[in-house]
Amino acid sequence: MMHLLGFITWNADPIIAHLGPLLLRWYGVLFALGFVIGSFVLTHIYRSEGVRPYWVDVITFYMVVGTVLGARLGHVFFYDWDKYKDHPLDIFKIWEGGLASHGATIGILLAVFIFSYRNKFDYLWVLDRIVIVVAIGGACIRIGNLMNSEIVGKPTDVPWAFVFPRDTEHLEPVQRPLPTGAVQVAAERVQYADGTQGYRLLPEGTTVAPDSPMAVPRHPTQIYESLFCVFLLVLLYGLWNRYKDHTPRGLLFGLFVVLLFSFRIAVEYLKENQVAKEGGLIAEYHLNIGQLLSIPFILIGIWVLLRAGKDPNNRYGYAPHEIDEPAEVKQ
């Protein structure tokens with residue numbers, strides 16, 4: 001079969017630099033970059049609506065805490081509780097990986113609620129602006145997943161497919177003849193403590209043996225999700241820029257969760273399962289964990305959209321403006 005584009009062999013090193021005992025990783029840099037860019041965008045939004053930019057620093061603190069705690073606990077309880085219930089201290093080892101976007105969403109919703117309640121902001125007013133910067137963060141984080149060669153898609157022969165030789169979780173026994181686009185990887189089979197088997201990469205420069213496993217072309221689902229977040233950013237910012245302080249209360253938040261999690265349900269069909277137990281869920285419900293968790297958010301978003309801007313006493317939400325000097329800022 002002829003391809004208009006060649007398959008891309010994605011062998012990016014997830015580590016940028018070794019700083020003594022510490023590792024500077026692309027994922028961490030991109031995770032932080034989402035907050036940095038988001039703070040500039042949110043500052044512009046607040047200034048345009050007469051809200052003190054100081055509040056951006058305050059809510060960013062809430063967002064960072066809510067995102068990290070929510071994402072980590074979401075992974076623990078939604079995806080890997082069987083592991084962490086026997087090793088609870090491992091929950092704190094965030095550097096080993098394991099963050100879940102649905103948990104991050106819950107953490108953000110709780111963090112924004114606490115911020116809004118303590119500082120006299122309208123909850124939906126804050127959410128309508130926050131989802132714009134959350135889209136920025138989502139785009140950056142998915143590129144971070146790409147740099148980690150994780151959350152990969154299913155095998156495919158589309159011309160823009162990526163081959164992930166560093167993704168040891170989805171290496172396959174070699175076939176002869178080698179499938180189109182497949183790459184053999186210097187790796188050895190290992191057995192983990194739980195009895196399952198997998199592969200471990202051998203040191204760089206190791207000769208690839210004839211029976212070495214292979215990495216096959218896959219959907220770059222990280223890029224699909226990142227690009228969709230960029231689309232959401234353009235859509236939501238465009239709507240805000242049109243209405244600004246007359247944005248119907250709940251419109252942007254409702255659109256964000258309905259579109260994002262509807263897309264999540266669709267793109268999951270192109271992804272490999274993230275944990276083994278998803279196989280049973282798919283067989284029983286034809287939906288994996290990510291898809292099942294997306295349904296409540298879509299329903300909430302539809303409910304908010306149906307009510308957006310329809311409260312005659314609070315059509316646009318409210319926030320303390322520059323002339324409203326608070327007696328005390330609560331963090």
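Residue numbers run from 1 in the order of the sequence given. Side-chain atoms are counted along with the backbone in the values below, which use heavy atoms only and exclude waters and symmetry mates.
Minimum heavy-atom separation, Val152 to Gln222: CG1-NE2, 4.0 Å. In this structure, Ile136 and Gly38 approach most closely via the heavy-atom pair CD1-CA, 4.2 Å.
Contact check for Asn314 versus Trp125: no side-chain heavy atoms found under the 4.5 Å cut-off.
Between Glu225 and Arg142 there is a salt bridge, since at least one side-chain N of the basic residue sits less than 4.0 Å from a carboxylate O of the acidic one. Under the 4.0 Å criterion applied to side-chain N and carboxylate O atoms, Arg249 and Asp122 are assigned as salt-bridge partners.
Panel note: side chain Asn145, backbone Glu150; no donor-acceptor pair is recorded below 3.5 Å. For the pair Ser212 (side chain) and Ala209 (backbone), a donor-acceptor distance under 3.5 Å is present. Using modelled atom types, no side-chain atom of Arg200 and backbone atom of Val190 make a donor-acceptor pair closer than 3.5 Å.
Between the side chains of Arg264 and Ser101, at least one donor N or O lies within less than 3.5 Å of an accepting N or O.
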What donor-acceptor contacts under 3.5 angstrom involve side-chain atoms of residues 227-241, with partners at least two apart or in another chain?
unit_1, atom_1, unit_2, atom_2, d
Tyr237, OH, His44, NE2, 3.1
Trp240, NE1, Glu49, OE2, 2.6

Taking only distance into account, with no hydrogens and no angle test, what donor-acceptor pairs under 3.5 Å do side-chain atoms of residues 9-37 form with protein atoms, sequence neighbours excluded?
unit_1, atom_1, unit_2, atom_2, d
Trp10, NE1, Leu146, O, 2.8
Asn11, OD1, Arg166, NE, 3.1
Asp13, OD1, Ile15, N, 2.9

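Using cut-offs of 30° and 60° for the angle between ring planes, the Phe115 and Phe121 rings count as tilted.
Ring pair His219/Phe162: centre-to-centre distance not below 6.0 Å.
When the shell of 6.0 Å around OH of Tyr224 is examined, it contains more than 12 heavy atoms from other residues, nucleotides or ligands.
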